[in-house]
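Below is one structure, written out as structure tokens; the observations come after it.
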Amino acid sequence: MSGTVRTRFAPSPTGFMHVGNLRSALYEYLIARVSGGQFVLRIEDTDQKRLVPGALEAIYETLEHCGLEHDEGPDIGGPYGPYVQSERLDRYRAEAEKLIASGHAYRCFCDSERLEELRRQQEGQSFQGYDRHCRDLDPDEAAARAAAGEPFVIRQRMPLEGQTEFVDAVYGTITVDNSELEDQILLKSDGFPTYNFANVVDDHDMQITHVVRGSEYLSSTPKYNLLYDAFGYEIPTYVHLPLILGEDGQKLSKRHGATGFTELVEAGYLPEAILNYLLLLGWSPGDTREIFSLAEMEQAFTISGLSRSPATFDYDKLLWFNQTWLRSEEPKQFARRCRGALEDALGRAATDTELELAGRMLQPRLERLTDIPAQLEWLRELPEDYDLGLFTHKKMKTDAASSRLMLERLRAGLAALESWTEAEIHTYLLAAAKEQAVKNGQVMWPLRIAISGRSVTPGGAVELATLLGREETLRRIDLSLARLAG
RNA sequence: GGCCCUAUGGUCAAGCGGUCAAGACGCCGCCCUCUCAAGGCGGAAUCGGGAGUUCGAUUCUCCCUAGGGUCACCA
């Protein structure tokens, strides 16, 4: 197919946005963008029973959130609309009629009871599927029965012999015996098309050049091609994608953890990190680059870099991407993310200096956005009953007794500081260590424990004291001193 | 079960007949250091098995095995 590349993302609004869908959307978007083509959004709502309220909104929001802008779609229109399948029913019906007329399809009056019975009988047999009961009905008679109001579906008349072959851009040439192909339903009795049929009609109507989808469609692709052939339409380039699996090797689903984009965002992951991780889950640039912004992806993406084997979704690696993206944010922007939790812990509004400091403390340590409150927990209050054993640290050469002496000296010095700035506190504490001829740790460690009650804090004693403020720092030292004395 | 696909460390993966088999996550160790991180350095860890083809197979072919997908009036 010549001309511009056109891809489409065609989700059905039947639930939340699964990361597998999002990855497909990303690849579809990139395949279009990398060659200056168009990316189309189409809504496949042909299964009226499975529609989920709000699912459509989730699709729009996710795409927007990720920056995957579409060029045509239900919300913005375009030259090939409508872009919602339930609004295209006439098209499918007309196309199906064309197929009946040309002998490539037929009306079938078998009801679900008969089909079910058929399935029961076929149990254990090699080829399971419709027995083509209505395939040879007289077309005129069938048309008459339909006209009389008898419910029917329209089925594709598959060739009984021969093979169908197609070339997939990632899997190569795939050949299937036509005898394996079922006379699949094209138009359901409710007048809605099946996915298989609507897809072919729409992809042709919308001039889609690259059909990108999960590899679960690989084995049904020959049926599509037979349809394209029956219509005389040009067959698009197929790009089938390897599946995403959970840690147990099964197709990724809910029970593996958060698998929806929104869920992940709520769990503290950045859209950039999610997208970046998804990009590399099934695609490789061929070199060692790993960090990609959307703009960089648009430059680097290649279909040939797509992998054929299924990939396991690894939350650890996703977490690493998240950390990496978090660290690369503008410090000011990152700090803004901390404001809410900081002020909450502080119990008052934060100054710019405090905000900057908090951001500086957290940015290199944060894994998820949702961890911010926990990282700031020490700021809230000094745990009344923290373990005094924390003062004992063999590497720092400190224990409760030495810490008590140290804290008494430091308290006086800190109280006397001219101003309470990070630099001044820092200078003073280092000077104190030097003056006493001890290692920095011997002054820093007791102080950290005394004012936070924790052995692990996001930052050192200096940062803690600075953020705490002089009054609160001294108060906590006194509290700790009292306990050490007791 | 039939058919289709896949197969490099625990995970993502590069490799496309000749390499000491990249890199990243995770893991371990060291350095740095007031803790934890971050950062730096180093380490352990991989070609599923068997036949071929070839001077030479991770790479090509076949078989086996394992895993996955698919066989709906779901997409």
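Naming: A, B, ... by sequence-line order, numbering from 1 per chain. Given the structure is predicted, the values throughout are model-derived calculations rather than measurements.
The NZ atom of A/Lys394 sits 17 Å away from the P atom of B/C34 (whole-angstrom rounding). Straight-line distance from the CE atom of A/Met17 to the P atom of B/A75: 18 Å, rounded to whole Å. In this structure, A/Ile244 places its CD1 atom 14 Å from C1' of B/U11, rounding to the nearest Å. At whole-Å resolution of the value, CZ in A/Phe321 and C1' in B/A13 are 11 Å apart. In this structure, CZ of A/Arg308 is placed 15 Å from C1' of B/C4, rounded to the nearest angstrom. At whole-Å resolution of the value, CG in A/Leu243 and P in B/C12 are 13 Å apart. Between A/Asn322 atom CG and B/C12 atom P the separation is 20 Å, expressed in whole Å. When the P atom of B/A37 is taken as reference, atom CE of A/Met361 falls 15 Å away, rounded to whole Å.
Looking at heavy-atom distances under 4.0 Å, A/Val462 makes contact with a base. Across all strands shown, A/Lys395 has heavy atoms under 4.0 Å from base atoms, whether or not it also approaches the sugar-phosphate. A/Lys439 comes within 4.0 angstrom of nothing in the nucleic acid, heavy atoms only. Residue-level contact check: A/Thr175 touches the backbone only, with heavy atoms under 4.0 Å from sugar-phosphate atoms and none from bases. Nucleic acid contact for A/Gly460: base, since at least one base atom lies under 4.0 Å from a heavy atom of the residue. Using a 4.0 Å heavy-atom criterion, one finds that A/Ser12 contacts the sugar-phosphate atoms exclusively. Heavy atoms of A/Gly214 sit nowhere under 4.0 angstrom from any nucleic acid atom.
Base pairing of B/G29: its partner is B/C41, meeting the Watson-Crick or G-U wobble criterion (both donor-acceptor distances under 3.5 Å). Across all strands shown, B/U53 forms no Watson-Crick or G-U wobble pair with both distances under 3.5 Å. Across all strands shown, B/A13 forms no Watson-Crick or G-U wobble pair with both distances under 3.5 Å. Remark: B/U6 base-pairs with B/A66. Criterion, Watson-Crick or G-U wobble with two distances under 3.5 Å. If you check B/U58 for Watson-Crick or wobble pairing at under 3.5 angstrom, you find it has no partner at all. Across all strands shown, B/C34 remains unpaired; no Watson-Crick or G-U wobble contact has both distances below 3.5 Å. Figure legend. B/G1 is base-paired to B/C71; pairs are counted as Watson-Crick or G-U wobble with both atom distances under 3.5 Å.
Checked options A/His104, A/Lys223, A/Gln184; the residue passing with A/Gln156 is A/Gln184 (criterion: side-chain hydrogen bond (donor to acceptor under 3.5 Å, both in side chains)).
For A/Tyr27 and A/Trp283, the ring centers are positioned 6.0 Å apart or more. In this structure, A/Phe313 has its ring center closer than 6.0 angstrom to the ring center of A/Tyr315.
If you check B/C34, B/C73, B/C36 against the side chain of A/Ala461, the one that comes closest is B/C34. The side chain of A/Ile185 has B/C73 as its nearest neighbour among B/C34, B/A75, B/C73. When each of B/C73, B/A38, B/U35 is scored by its nearest atom to the side-chain atoms of A/Ser189, the top-ranked nucleotide is B/C73. In the set B/G23, B/C73, B/U6, B/C73 carries the atom at the smallest distance from any side-chain atom of A/Val153. Of the candidate nucleotides B/U6, B/G2, B/C25, B/C25 has the atom lying nearest to any side-chain atom of A/Trp320. Among B/G26, B/C12, B/U35, the nucleotide with an atom closest to any side-chain atom of A/Val456 is B/U35. Ranking B/U11, B/A14, B/C34 by closeness to the A/Ser284 side chain, first place goes to B/A14. Among the nucleotides B/A75, B/C34, B/U11, the one closest to any side-chain atom of A/Thr312 is B/U11. Taking the side chain of A/Met396 as heavy atoms from C-beta on, and the options B/A75, B/G26, B/U35, the nearest nucleotide is B/U35. Considering only the side chain of A/Trp445, B/C34 comes nearest among B/C73, B/C12, B/C34.
Using C1' as the reference atom, B/A44 and B/G29 are 10 Å apart when rounded to the nearest Å. Remark: the separation of the P atoms in B/U54 and B/C47 is 27 Å, to the nearest Å. Distance check on atom P: B/A7 versus B/C62 gives 14 Å, rounded to whole Å. Comparing B/A22 with B/U58, their C1' atoms are spaced 14 Å from each other, to the whole Å. Comparing the P positions of B/G50 and B/A57 gives an interatomic distance of 13 Å, to the nearest angstrom. Between B/G26 and B/A37, the distance separating the two P atoms is 12 Å to the nearest Å. The same atom, P, is picked in B/G23 and in B/G42; the two are 10 Å apart, to the nearest Å. Atom C1' of B/A13 sits at a distance of 28 Å from the matching atom of B/C30, rounded to the whole Å.
An OP1 or OP2 oxygen of B/G39 is reached within less than 4.0 angstrom by a side-chain nitrogen or oxygen of A/Arg327. Contact annotation: A/Ser307 side-chain N/O to B/C12 OP1/OP2 distance is not under 4.0 Å. Considering only side-chain N and O atoms, A/Lys49 lies under 4.0 angstrom from the phosphate OP1 or OP2 of B/C74. One finds a side-chain N or O of A/Gln250 lying less than 4.0 angstrom from the OP1 or OP2 phosphate oxygen of B/G68. The shortest distance between the side-chain N/O atoms of A/Arg289 and the OP1/OP2 oxygens of B/C12 is not below 4.0 Å. Put simply, A/Lys188 has a side-chain N or O that comes within less than 4.0 Å of OP1 or OP2 on B/C74. At the phosphate of B/A75, OP1 or OP2 sits under 4.0 Å from a side-chain N or O atom of A/Thr46.
Aromatic ring orientation, A/His240 versus A/Tyr238: parallel (interplanar angle below 30°, classes split at 30° and 60°).
When each of A/Leu280 and A/Thr194 is assigned the nucleotide of RNA chain B bearing its nearest heavy atom, the one mapping closer to the 5' terminus is A/Leu280. Across the interface with RNA chain B, nearest-nucleotide mapping of A/Asn199 and A/Tyr277 shows A/Tyr277 to be the residue nearer the 5′ end.
In this structure, A/Arg107 satisfies the cation-pi test against A/Phe152, with its NZ or CZ atom closer than 6.0 Å to the six-membered ring centre and inside 45 degrees of the ring normal.
Other residues, nucleotides and ligands contribute only 12 or fewer heavy atoms inside 6.0 Å of the CD atom of A/Glu161. Within a 6.0 Å radius of CD in A/Glu330, other residues, nucleotides and ligands contribute 12 heavy atoms or fewer. Within a 6.0 Å radius of CZ in A/Arg135, more than 12 heavy atoms belonging to other residues, nucleotides or ligands are found.
Side-chain contact of A/Asn199 with A/Tyr224: a donor-acceptor pair under 3.5 Å is absent, judged by distance alone. With 3.5 Å as the limit, one finds no donor-acceptor pair spanning the side chains of A/Tyr277 and A/Asn322.
Interface remark: the A/Ser219 side chain does not form any donor-acceptor pair with the B/C3 base, using a distance-only criterion of under 3.5 Å.
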